[in-house]
There are 2 protein chains.
Amino acid sequence: MTTTATITKQFMTSEQILEHWQGHRNLTRRVIEAFPEKDLFEFSIGGMRPFAKLACELIGIGGPALKGIVDKNMEAYNEDGFKPETKEDLLKKWDEETETINTYFAQISEERFQETFNLFGQYEFPVYQNILYFIDNEIHHRGQGYVYIRALGIEPPFFWERF
Amino acid sequence: MTTTATITKQFMTSEQILEHWQGHRNLTRRVIEAFPEKDLFEFSIGGMRPFAKLACELIGIGGPALKGIVDKNMEAYNEDGFKPETKEDLLKKWDEETETINTYFAQISEERFQETFNLFGQYEFPVYQNILYFIDNEIHHRGQGYVYIRALGIEPPFFWERF
């Protein structure tokens with residue numbers, strides 16, 4: 001067996017990914033705002049969920065997942081705790097979660113990003129992969145939202161506008 | 001003026017983001033494959049581009065952008081060089097770009113990820129942000145593709161299936 005020296009290059013810091021994520025969350029907030037109230041809760045294509053339901057999924061992941069990671073708590077994912085009835089309810093909760101995410105994210109050490117954690121007792125991956133998944137999942141569902149908005153004849157916010 | 005000691009935490013390495021990106025590219029490849037030939041080039045919702053056109057945008061970004069970064073070449077973005085006429089053409093080019101991306105990505109140093117570069121002579125951001133944008137843009141457009149596929153009555157590939 002030979003020993004191989006691996007040169008590891010840092011791609012980005014934890015502060016940078018947090019800022020990146022919050023930029024995406026700002027954009028998703030604009031997409032929520034762009035929907036007419038009724039369509040936010042009812043409009044759908046191809047049997048997929050309305051955008052309010054997708055936003056609730058995102059709310060059920062971000063903050064609770066980071067809290068789970070920090071507390072090493074593997075409690076199951078639960079989307080049923082929050083059932084908004086208006087766009088205002090949804091936006092209020094969205095903004096509360098912005099703070100929750102900032103608070104818990106700051107408590108994750110560099111070592112933990114590389115450690116495996118069984119998130120929600122179900123998703124056993126390195127923490128950095130779980131965090132990338134939260135962001136990717138948000139972009140993915142928001143991409144759906146863009147089609148809904150276009151199909152409703154509304155101009156969506158610019159994809160590159162974040163803050 | 002006071003000096004502040006900043007503790008910088010690494011979030012992930014460059015090898016990890018490359019693997020993550022290529023995982024997403026595999027999923028996008030599956031989405032291309034899932035479209036019926038005709039719909040890949042023609043189906044659209046809300047006046048948006050058909051999925052083949054979106055895939056050509058992604059092909060016009062990934063490899064050429066990394067080459068531009070490595071060569072410090074600020075040549076403009078150009079999508080017109082590649083005009084596939086079949087799904088097979090598109091997939092062949094997609095696979096070629098997989099190699100191009102691997103080749104050029106490996107040549108970016110740790111320092112360069114944090115340096116600002118005027119990509120395509122137009123997008124002046126730190127290199128790590130430009131790379132995140134390529135991945136985000138792919139997830140965003142692929143999210144559109146998922147709605148097209150569902151609207152066509154086809155079951156899309158699992159979002160979490162990458163390799």
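Note on naming: letters A, B, ... go to the chains in the order of the sequence lines (proteins, then strands), and numbering restarts at 1 for each one.
Only the backbone of Ile108(B) comes within contact range of chain A, with heavy atoms under 4.5 Å apart. Using a 4.5 Å cut-off between heavy atoms, His20(B) touches chain A through its side chain atoms alone. Of the two parts of Met48(B), only the side chain, counted from C-beta on, holds a non-hydrogen atom closer than 4.5 Å to a non-hydrogen atom of chain A. Ile149(A) does not touch chain B: none of its heavy atoms, backbone or side chain, sits under 4.5 Å away. Contacts between Ile17(B) and chain A at a heavy-atom distance below 4.5 Å involve the side chain alone, from C-beta outward.
Atom NZ of Lys53(B) sits in a sparse spot, with 12 or fewer heavy atoms from other residues, nucleotides or ligands closer than 6.0 Å. Counting heavy atoms of neighbouring residues, nucleotides and ligands inside a 6.0 Å radius, atom CD of Glu85(B) does not exceed 12 of them.
With chain A as partner, the option from Asp136(B), Ile131(B), Thr13(B) having the largest number of non-hydrogen pairs under 4.5 angstrom is Asp136(B). Interface remark: of the candidates Val127(B), Asn137(B), Leu152(B), Ile135(B), Asn137(B) forms the most heavy-atom pairs closer than 4.5 Å to chain A.
His140(A) contributes atom NE2, which lies 10.0 Å from atom NE2 of His24(B) (distance to the nearest 0.5 angstrom). The CE atom of Met12(B) sits 12.5 Å away from the OG atom of Ser14(A) when rounded to the nearest 0.5 Å.
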Legend entry - Pair Tyr123(A)-Trp160(B), side-chain contact (heavy atoms from CB on, under 4.5 Å): steps then yes or no: CA-CA 11 Å; Tyr123(A) 305 100; Trp160(B) 55 86; over 6 Å; no
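Each of Trp21(A), Phe113(A), Phe11(A) was evaluated against Phe11(B); a single residue qualifies, Phe113(A), per the ring-ring contact (aromatic ring centres under 6.0 Å, His included) test.
Formation of a donor-acceptor pair under 3.5 Å by the Gln144(A) side chain with backbone atoms of Gly143(B) is not found in this model. Checked by atom type and distance alone, the side chain of Lys9(B) never pairs as donor or acceptor with a backbone atom of Glu111(A) at under 3.5 Å.
Between the side chains of Gln114(B) and Gln16(A), at least one donor N or O lies within less than 3.5 Å of an accepting N or O.
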